[in-house]
Number of protein chains: 2
Amino acid sequence: MASSIHDLARHLNISIGTVSRALNGRADVNAETRQRVLEAARKLNYSPNQSGRSLRQGATRSIAFMLQPHPGDQQYGEPFFIPFLTGLQAQLAEHDLDLMVVMGEPGQYQPERLRRVVETRRADAVVLANTRREDDRIDYLSRAGFPFATLGRSQSGGDTYPSLDIDFERAGEEAVDRLVARGHRRIAAIRPSLDLNFGYLFLDGYRKALRRHGIEVDPGLIADGFINETGGYQVTSRVMLSKDQPTAIIFNNDAMALGGCKALAEMGIRPGHDIAVIVIVDTPLCRYFSPALTAFRPSLEPMGRRLAEMLLASLPAFAGPEGTRIIREVWPLELVARESD
Amino acid sequence: MASSIHDLARHLNISIGTVSRALNGRADVNAETRQRVLEAARKLNYSPNQSGRSLRQGATRSIAFMLQPHPGDQQYGEPFFIPFLTGLQAQLAEHDLDLMVVMGEPGQYQPERLRRVVETRRADAVVLANTRREDDRIDYLSRAGFPFATLGRSQSGGDTYPSLDIDFERAGEEAVDRLVARGHRRIAAIRPSLDLNFGYLFLDGYRKALRRHGIEVDPGLIADGFINETGGYQVTSRVMLSKDQPTAIIFNNDAMALGGCKALAEMGIRPGHDIAVIVIVDTPLCRYFSPALTAFRPSLEPMGRRLAEMLLASLPAFAGPEGTRIIREVWPLELVARESD
DNA sequence: TGTGTTCTCGTAAACGTTTACGGAAAAACG
DNA sequence: CGTTTTTCCGTAAACGTTTACGAGAACACA
C-alpha cells in the first residue's frame with residue numbers, strides 16, 4: 001500500500017542504498033540524483049516506515065509520559081497536565097519525537113506499567129510526574145539504566161536524572177509572609193496525605209517562614225487529607241472545629257481548596273471576609289470561584305517545553321556539542337492576588 | 001543489552017524458529033521444549049522487541065489518541081479527558097495495545113499532526129475527540145483508509161467509522177423541561193461558537209423542547225461565545241443586558257458556565273435565587289461552586305473503555321468471530337440536581 | 001602516462017521478529 | 001515389515017530501514 005524505499009529505487013532505477021542516503025542528506029550522493037529521489041518521494045508520497053527505522057537504529061523516536069491519576073480521582077483528572085503535555089509534545093515534535101502516554105493505575109506507584117515500555121523498548125525515554133518522596137518508578141528506571149526525567153523532585157535516584165520542579169518551598173514561605181503582613185498569626189496548612197514530594201516542600205517553606213516571623217508552629221494547624229475535593233472538605237471541617245480556629249488557610253492543592261471552601265461556606269465562613277485563603281497551585285477554578293481565590297500560578301506550557309529540552313540534553317543521541325548534561329531546575333510560581341485573602 | 005530470541009536459541013541450543021513458536025503458543029512445538037523455552041525466557045529476562053515485531057507483522061500494536069486543546073485553552077485543559085483516557089487505556093491494555101497521544105495545535109483542526117502518524121505508520125488506528133460538524137481530520141482519515149473512531153459525532157465521513165457520543169440533544173431537552181416545569185419561559189442557551197458538533201445537538205434539543213412546550217424560540221436568548229471562561233463571561237454579560245432578560249440559562253460547556261457565573265455575580269444576580277442555571281457537562285467545579293451547579297454528568301471512564309471496544313470491533317485484526325462491525329452509540333447523561341436551578 | 005584522490009553508487013549485512021516450507025524422526029496402521 | 005500419518009523442528013525468507021565496505025569512473029597532479 002504505502003510506498004517503500006524499494007519502490008523509489010525501482011522507480012528511479014537506482015539502488016535502495018542510494019535512495020536512503022539521498023533521503024537522509026548524506027554527502028556521498030550526487031546533487032542531481034538527490035533531486036530526483038526527493039521528487040520521486042514526493043510524487044509517490046513516500047514516508048519512512050517507523051518500525052523499520054526503529055529496528056535498524058535501535059531507537060523508537062518516541063518518549064513516554066506516565067500519567068497517573070491520584071486515587072479517588074476517577075471522575076475528573078487534574079487540569080494541570082494538559083498544558084504541560086502541550087508544551088512537552090511541542091518541543092519533542094521539533095526533534096521529530098513522538099509522545100506516548102502510559103497511564104498508571106490510579107494511586108499505585110509500582111512500576112509495572114513502566115516495565116512494559118522499558119522491556120519491550122517502546123520508547124527511548126520516560127517522563128514521570130507526581131513524584132513521590134520515595135518513588136518506586138525512579139528506582140526501577142535507575143536500576144534498569146533507562147533514561148528518564150521527572151516533573152517534580154524526589155529523594156530517590158540521586159542526582160542522576162534531569163528534573164524540573166516548582167518551588168513549593170518558596171511559595172509556602174511567600175504565602176505565610178503575605179498572610180503575616182496582613183496580621184494573621186494562626187495560619188493553617190492543608191496538604192495531601194500521600195507521600196507526594198511537593199507536600200513536604202510546601203511544609204518546609206511554611207515552617208521556615210513562621211519561624212522567621214517568630215510564630216510558633218502549631219501542629220494542630222497542619223493537616224493532611226485525601227488529595228481531592230472530598231479530602232479538602234473533610235480536613236478543613238476538622239481544622240475549623242478545633243478549639244483555636246485559624247484565621248487563614250493555605251491549601252497545597254487546588255482540588256482540596258475547592259472542597260475546603262465548600263466546608264467553609266457551609267459553616268458560614270466567607271473567604272476574604274472571615275478567613276483568608278491562599279492556594280498554592282492555581283487553576284481556572286481559583287479564578288472563577290466566588291470569591292476569586294488568591295493563588296500561585298505555574299507556567300505549565302513552558303515547563304513542558306523546558307523539561308523536554310532537559311531530557312534531550314541528557315540523551316547521548318540528542319545532546320548538543322557540549323555533550324550530555326543532567327540539568328535540574330526549580331521554577332518560581334507567580335502570585336496572583338485575588339479576593340480570598 | 002536486552003536479550004533477543006537469538007540469545008534464547010543459543011542458550012537452549014535450538015533454532016530461533018522453535019523459540020518463537022514456543023513463545024507464541026503455537027501447536028507444533030513439544031510440550032517439554034516449550035517449558036524449557038519459557039523458563040529460559042524468564043531467566044534471561046526476555047521480552048520481545050516491539051520494533052522487530054511491528055516490522056514483521058505490519059502492525060504497531062498502538063493506538064493514537066488525538067488530544068487537541070481548544071484555542072485560548074493554553075493555561076489549563078479540559079479535565080474531561082483524563083478519566084476518558086484512563087478508560088480507553090485500560091481497555092486497550094487488556095488487548096496488549098499501547099496508547100499514544102498526539103497533541104494537535106490548539107484550535108486548529110487540520111490533519112497535519114495526524115498525517116505523521118498515518119504516513120509513518122506509528123499507530124494502527126486513531127481515536128478522535130472534539131469532533132466538529134465538518135471535520136477535516138475525519139475526511140483525511142477516511143480518504144487515507146486509516147482506521148479510526150471518534151468520541152462525538154460529525155457530519156463528515158458518513159457511517160463508516162465507530163463513534164460514541166453523549167446525548168446532548170436529550171440533555172438540552174431535559175434541561176428545558178426541568179426549567180419549564182419550574183415556571184421558566186425565558187430560557188437562554190449559551191454555547192461555544194466553534195463548529196463543535198455538540199453545540200448543534202444541544203441547540204436542537206433546546207429548540208425541540210421549547211416548541212413542545214409552546215414557547216417561541218427567541219434568537220436573542222441563544223448566544224455563542226469563546227469556549228472558555230472568558231468567553232462565558234462575555235456572552236453572559238451580553239445576554240443579561242438585553243432588554244428582556246432571561247430567568248434561566250443553560251450552559252453547554254462547563255468552562256463557559258464558570259465565566260458566566262462570574263459575570264452574574266458581578267451583576268449581583270445569584271444563581272439559584274435570582275436566576276436558574278444548568279450546565280450540560282458536569283465537572284468537579286460544578287459540584288464545589290457556590291452555589292453548587294445543577295449539571296448533566298457523563299460516565300467518562302466507562303465511555304473510554306467502550307470506545308476502545310468499539311474501535312477494536314471494527315478492526316479485522318481484533319474483531320471477534322462475528323467479524324468486523326461498525327458500532328455507533330449515544331449515551332445518556334445523568335442529571336445531578338444541585339442548588340443553582 | 002601513471003599514480004593518487006575524489007565522487008558516486010551498488011552490494012550486502014544487520015536490526016528482531018514471524019512464518020511458510022520441508023524434512024527427519026516417531027508413531028500409527030495395515 | 002512397509003506405508004502412511006503425525007509430531008516436531010530447522011532453514012530461510014521477509015518486513016523496511018541504515019550503513020560499512022568496496023569498486024568503478026572521473027579527475028588532478030606529477
Side-chain angles (χ1 to χ4, degrees), chain A residues 1-38 40-41 44-62 96 98 116 118-124 317, chain B residues 1-38 40-41 44-62 96 98 116 118-124 317:
Chain A
M1 187 91 271
S3 60
S4 80
I5 216 169
H6 291 91
D7 299 325
L8 291 191
R10 207 173 319 121
H11 181 255
L12 294 170
N13 220 18
I14 59 180
S15 78
I16 60 164
T18 304
V19 174
S20 177
R21 281 188 298 263
L23 255 23
N24 291 352
R26 300 221 167 272
D28 57 347
V29 44
N30 184 285
E32 190 222 0
T33 310
R34 185 191 310 279
Q35 273 312 313
R36 290 177 49 225
V37 170
L38 292 179
L44 299 192
N45 200 11
Y46 168 82
S47 44
N49 179 303
Q50 184 56 35
S51 301
R53 188 178 260 188
S54 296
L55 179 57
R56 168 65 214 226
Q57 299 189 323
T60 61
R61 295 204 78 82
S62 85
D96 197 42
D98 280 313
R116 223 180 111 78
V118 172
E119 291 182 352
T120 65
R121 276 132 287 167
R122 282 171 185 254
D124 298 337
Chain B
M1 186 93 273
S3 61
S4 79
I5 218 171
H6 290 91
D7 299 326
L8 291 191
R10 206 173 318 121
H11 182 255
L12 293 170
N13 219 20
I14 59 180
S15 77
I16 59 164
T18 304
V19 174
S20 176
R21 281 188 298 263
L23 255 22
N24 291 350
R26 302 222 165 272
D28 57 346
V29 46
N30 184 285
E32 190 221 0
T33 310
R34 185 192 309 279
Q35 272 312 313
R36 290 176 50 226
V37 170
L38 292 177
L44 299 192
N45 199 10
Y46 168 82
S47 42
N49 178 301
Q50 185 55 35
S51 301
R53 187 177 262 190
S54 297
L55 180 57
R56 169 65 214 223
Q57 299 188 323
T60 61
R61 295 204 78 84
S62 83
D96 198 41
D98 281 313
R116 225 180 110 77
V118 172
E119 291 182 354
T120 65
R121 274 132 290 166
R122 282 170 186 256
D124 298 336

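Chain identifiers are assigned alphabetically (A, B, ...) following the order of the sequence lines, protein sequences preceding nucleic acid strands; residue numbering begins at 1 within each chain.
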Please confirm whether the backbone N or O of [Y] pairs with a side-chain atom of [X], one donor and one acceptor, at under 3.5 Å?
X	Y	value
B:Ser20	B:Ile16	no
A:Arg21	A:Arg26	no
B:Ser54	B:Ala59	yes
A:Asp124	A:Arg61	yes
B:Ser3	B:Leu44	yes
B:Arg121	B:Glu119	yes

Nearest-Å distance, [atom1] ([X]) to [atom2] ([N])?
X	N	atom1	atom2	value
A:Arg21	D:dC21	CZ	C1'	11 Å
B:Asn24	D:dC9	CG	P	15 Å
B:Arg26	D:dT7	CZ	C1'	16 Å
B:Ile5	D:dG10	CD1	P	13 Å

>> Using five base pairs at each end to define the local axes, how bent is the helix from C:dT1-D:dA30 to C:dG30-D:dC1, to the nearest 10°?
In response: 50°
> Going 5' to 3' along DNA chain C, which nucleotides are the first and last within contact of chain B (any atom under 4.0 Å from a heavy atom)?
Replying inline: C:dG16 to C:dA20
>> Assuming nearest nucleotide by heavy-atom distance, tell me which of A:Gly17 and B:Tyr46 is located more 5' along DNA chain C.
In response: A:Gly17
>> Between A:Arg34 and B:Arg56, which residue's closest nucleotide on DNA chain C lies nearer the 5′ terminus?
In response: A:Arg34
> Do B:Leu8 and B:Ile14 touch side chain to side chain, with heavy atoms closer than 4.5 Å?
Replying inline: no
Select base, sugar-phosphate, or nothing to describe what [X] touches, counting heavy atoms under 4.0 Å on all strands.
X	value
B:Ser20	base
B:Asp28	base
A:Thr33	sugar-phosphate
A:Ile16	base
A:Asn30	sugar-phosphate

> Of all heavy-atom pairs between A:Ala40 and A:His11, which one has the smallest distance, and what is that distance?
Replying inline: CB-ND1, 4.1 Å
>> I want to confirm an ordering. Mapping B:Val29 and A:Pro48 to their closest nucleotides on DNA chain D, which one lands closer to the 5' end?
In response: B:Val29
>> Applying salt bridge (Lys or Arg N to Asp or Glu O under 4.0 Å), can you list everything that pairs with A:Arg116, at least two apart in sequence or on another chain?
In response: B:Asp96, B:Asp98
